[in-house]
Amino acid sequence: MAPRALRPFAHRDYRILLIAMAISVFAHGMWAVAMVYQVKHLGGGPAQLSVVATATSLGLLGFVLVGGITADRVSCRKIIILVEAVSLFVMATVATLALTGAMELWHLAVAGFIQGAGAAFFFPAYSALLPRILPADDLLAANGMEGMFRPVLQQAAGPAIAGVLVASFNPSMAVVGIAACHVVAFLVLNMLGHHKAYDAHLKPNQKRPSALADLREAVGYTVGTPWLLWTLLFAVISVLSFIGPIEVLLPFVVEDQLGGDAKTFGFMLAAYGIGSAIGSMVTSSFPLPRRYLTFMIMFWGFGTLPLALIGLTSTPLALAIIMVIPGITGGLGQVIWGTLLQRRVPHHMLGRISSLDFFVSLALMPVSMALAGPLAEVIPLWMIFVVAGVASPVIGIIAWFAGRMYRDEIEHPLDRFDAPQQTDASPAIDL
């Protein structure tokens, strides 16, 4: 018998989907570097780079709810293929403009916006499609594989290859590489089989609800499901408390406290990403814990505690160890969370709930980054990191009690197939 983490690979469509997702994520990692140096090549600075980065974020946040509704109304297979086709067209256009010297800043901003919007459609569709091609018992391992590949490819391998292309040639060659990745991902996705779509749950002659009614249904389900609602509320406050300090203030800790430079900071982010990959892989290798909600909140909440010690660190190695720990626990919790959505949320609204999760979890990320800088002007950095480390455990405990998670996980065991929907791994007619 294959190890638990490898069981999903027995399914052909899963192999196809994972390969395409890995290539696409790798391309997005390359874009993060290519975009920076293409802006610099045009003579731009931090302000111009901020315009392009903001456009990407606006595309993501502006369309993520629409992407979730679409994933529950249209064939998920068609959505992800179309997204890859659009990404291919956009990156091929950017590469052509760059190679011919016709590139302007607004071209990059538009490309970034479309890339962000594409991700807003791709990932809800990916999440909704996965339980249609895999048995429920394999979803934890599949989410673990995604959690392992994503940080390695998007935060390490993609940026590294793009950096080599930029250094060896020029930024335009990195964009050419991105376009080539999307060509391969597009071709691979077209090999994907057809599976049941949105209205498989509708009764004969039942009309499809409006998009607004779909959104109301998803919001109502979220508000009326305590474990789901309180996990999202916990995520919002947790993101607000520690994302800003890590993204905005950690570089100053590296420079002022440790005497490091940009490479040292990059090493710290890499340590966090490697930790996330390790945590995801470990989770995929074991069965889902019986106390799955308790484990998830414990990992996410108490995993940030080491951040409170950042003010006491005096060496890069000590800081890297501190960063690895929340990376590991974050990966552990994220794999369990993704599996819970796919196991416990009815399939016909999984795209919408996934997009709501994405939107709510990221809603205060810009606020966190905006607050971190001004707070550092009046509060010592070590104190801000203490708050960042302690806030998540406190909020996690509150969410665990308020959401009655200790009772819910016992009343809804996932070690047997009694989820509110049945997994259909066999091919069916696709819209």
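Numbers here simply count residues along the sequence, with the first being 1.
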Assess the side chains of Q334 and S280: does a donor N or O sit below 3.5 Å from an acceptor N or O? no
Do any N or O atoms from the side chain of T329 and from the backbone of P326 form a donor-acceptor pair under 3.5 angstrom? yes
What distance do T222 atom OG1 and L228 atom CG have between them, rounded to the nearest 0.5 Å? 4.5 Å
What's the separation between atom CG in L65 and atom CG in D214, rounded to the nearest 0.5 Å? 12.5 Å
Under the 3.5 angstrom rule, does the side chain of Q115 hit a backbone N or O of M91 as a donor-acceptor pair? no
Is it true that, when you exclude H41 itself, more than 12 heavy atoms of the residues, nucleotides or ligands shown sit nearer than 6.0 Å to its NE2? no
When L414 is tested against each of E409, R344, R290 for side-chain contact (heavy atoms from CB on, under 4.5 Å), which residue passes? R344
Counterpart residues, salt bridge (Lys or Arg N to Asp or Glu O under 4.0 Å), relative to R407 (two or more places apart): none
Sidechain-backbone polar pair: H107 side chain, E104 backbone, donor-acceptor under 3.5 Å: yes
Is it true that the side chains of Y292 and R343 contain a donor and an acceptor less than 3.5 Å apart? no
Polar side-chain atom of R291 near backbone of Y406 as donor-acceptor pair, under 3.5 Å: yes
So, T304 side chain and W300 main chain: donor-acceptor pair closer than 3.5 Å or not? no
Step through the shown structure and confirm whether more than 12 heavy atoms of other residues, nucleotides or ligands are within 6.0 Å of CZ on F295. no
Are more than 12 heavy atoms, taken from residues, nucleotides or ligands other than F401, located less than 6.0 Å from that residue's CZ atom? no
Can you name the one residue among L140, I353, N143 that meets side-chain contact (heavy atoms from CB on, under 4.5 Å) with Q342? N143
Heavy-atom pair with the smallest gap, counting every atom of Q38 and P171: OE1-CB, 3.4 Å
Calculate, to the nearest 0.5 Å, the distance between atoms OG1 and CZ belonging to T93 and F89 respectively. 4.0 Å
Is the CZ atom of R15 crowded by more than 12 outside heavy atoms at less than 6.0 Å? yes
Interatomic distance, M21 atom CE to R150 atom CZ [nearest 0.5 angstrom]: 5.5 Å
If you round to the nearest 0.5 Å, how far is OG1 of T225 from CH2 of W230? 14.0 Å
Would you please say whether a donor-acceptor pair under 3.5 Å links the side chains of T294 and W400? yes
Kindly indicate whether the side chain of E146, heavy atoms from C-beta on, has any atom under 4.5 Å from the side chain of V335. no
To the nearest 0.5 Å, how far apart are OG in S24 and CD in Q154? 9.0 Å
If only atom types and distance count, is the side chain of T56 paired as donor or acceptor with the main-chain N or O of V52 below 3.5 Å? yes
May I ask you to check whether over 12 heavy atoms, not counting those of Y14, lie within 6.0 Å of atom OH? yes
Please determine whether a side-chain nitrogen of the Lys or Arg among D13 and R77 lies less than 4.0 Å from a carboxylate oxygen of the Asp or Glu. no
Could you tell me whether the side chain of Q48 and the main chain of V39 form a donor-acceptor pair under 3.5 Å? no
